[in-house]
Protein chains: 2
Amino acid sequence: MRLAIPEVVVLRLPEYLRALEQLAGEGVYLVSSQELGEKLQVTPAQIRKDLSYFGHFGKQGKGYDVKRLIGELRRILGLDRDWRLAVVGVGNLGRALLRYGGFSQQGFKIVAAFDTNPKVTGKKVGPVVVQDVAEMPKVVKSEGVHIGVVSVPASAAQEAVDRLVQAGVRAILNYAPATLRVPPSVYIRHVGPVSALESMTFYLKDVKG
Amino acid sequence: MRLAIPEVVVLRLPEYLRALEQLAGEGVYLVSSQELGEKLQVTPAQIRKDLSYFGHFGKQGKGYDVKRLIGELRRILGLDRDWRLAVVGVGNLGRALLRYGGFSQQGFKIVAAFDTNPKVTGKKVGPVVVQDVAEMPKVVKSEGVHIGVVSVPASAAQEAVDRLVQAGVRAILNYAPATLRVPPSVYIRHVGPVSALESMTFYLKDVKG
DNA sequence: GCGATTCTGTTAGCATTATCACAGGATTGT
DNA sequence: ACAATCCTGTGATAATGCTAACAGAATCGC
């Protein structure tokens, strides 16, 4: 029962969490699946079903305690602890990620950055000093890196993930526009500014303009 | 038949496209659904089924012509033309998007940037001069903006999308960690550096470390 | 206190998506 | 030319995910 939770459900949880955090910020203490569904454009039944995979968080006749549910979702998603990130590739995009402050709010902490270019290694960017990739195995271990963020050019992406995997990183977020191979034990996900746009245009293309 | 294409299918097409572009770069001219599936960790049947929604692109006994399929997918996704973007919010993240060069390769062109802060309006960032949001209705029309990119703080995000919608933008990419309301005719999607991490940690949390 | 109302958690039925398996066309080797 | 092999496109089937509907529990108004 507790096992085999559909991935789509897991993908919706952060959306619920965001909406709840917004409500909490507005001073809302209680919310029904109906109200939350309207805010998120999701059916109330879906919200209740999704949450039922993990426990009983609501009160009949009242709804959900917003703060409590935020706490539960954060726990379920593993956001009730710190996660240590390493950024590989300090180009335009890597630099932006390093300087972006929004990670810390959800417990993500950048603890290392790597590059091969001697023009950037040794320099401080955002919260860390950029190190040569040769240092990766040592630093990943000493800094306890959980997640690797790949922001190198597509042509260097496979080598970057190979090095990360070799160094012991089990989860990778890939910003490079490339299809990458990792062992089954490693969790990898592709993101990036362009990806979201590419499927969006499918729905736009028929409209005039 | 041609209508009612599942959204999951549309979301996979960019992945296929990326893999094919990589193959083309390696000098591969022909690929079977089997080979492509191995590269993408997807079953060959899924690839064939997905493509069959849009036409017959393969040759029995041979497979798919890589270049031809790239062209077809780009056409299907609406990537065979230019798309004009406007960035709203020139903070840390907005600045990075403006300076990021990777959009142009797939036909995305940033043609405007807006902010309310007089410290940044009037200054050139990346390819454009930042303008005050008051100019938005005029500029969206004159520059023919198709897609709005919201990179303001969460607290200002709803106002930013309202202004974009008001100005006539029908598609929005939201980087702000907020749940936003738009009319049904507007297509909006939430992305952002933290979102992908938030569901990733669900799968990581049980592992030691 | 009690009937009417509210709202959750869950089951059962429905709809959508993915996989299997094969017919049929194309290619290759001999 | 023909047999063996390869590979697509697609119906049939299995699996998955969604929605509607309701029992049961809490709340509210009077």
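Treat the numbers as computed from the prediction; the structure is a model and nothing was measured. Just so we're on the same page: letters track the sequence lines, and every chain starts at 1.
The nearest whole Å value for the distance from the CZ atom in B:F57 to the P atom in D:dT8 is 14 Å. Rounded to whole angstrom, the span from the NZ atom of A:K62 across to the C1' atom of D:dC28 amounts to 12 Å. With rounding to whole Å, A:D50 atom CG is found 12 Å from D:dT19 atom C1'. For B:Q46 and D:dG9, the CD to P distance is 15 Å, given to the nearest whole Å. Between B:E7 atom CD and D:dG17 atom C1' the separation is 15 Å, expressed in whole Å.
Within 6.0 Å of atom CD in A:E159, 12 or fewer heavy atoms from other residues, nucleotides or ligands are found, so the atom counts as exposed in its surroundings. Within a 6.0 Å sphere centred on CD of A:Q41, other residues, nucleotides and ligands contribute more than 12 heavy atoms. Remark: A:E135 CD is packed, more than 12 non-hydrogen atoms of other residues, nucleotides or ligands lying under 6.0 Å away.
Judged by distance alone, with hydrogens and angles left aside, the side-chain atoms of A:W83 form a donor-acceptor pair with the main-chain N or O of A:G78 at under 3.5 Å. Within the 3.5 Å criterion, the main-chain N or O of B:R84 finds a donor-acceptor partner in the side chain of B:H146.
Toward the 5' end of DNA chain D, the nearer of the two residues A:G61 and A:P6, judged by each one's closest nucleotide, is A:P6. Between A:R48 and B:H56, the residue whose closest nucleotide on DNA chain D is further toward the 5' end is B:H56.
Taking each heavy atom of B:L40 and B:E15 in turn, the nearest pair found is CD2-O, 3.7 Å.
Counting 5' to 3', DNA chain C first comes under 4.0 angstrom of a heavy atom of chain A and last does so at the ends given by C:dT6 to C:dT11.
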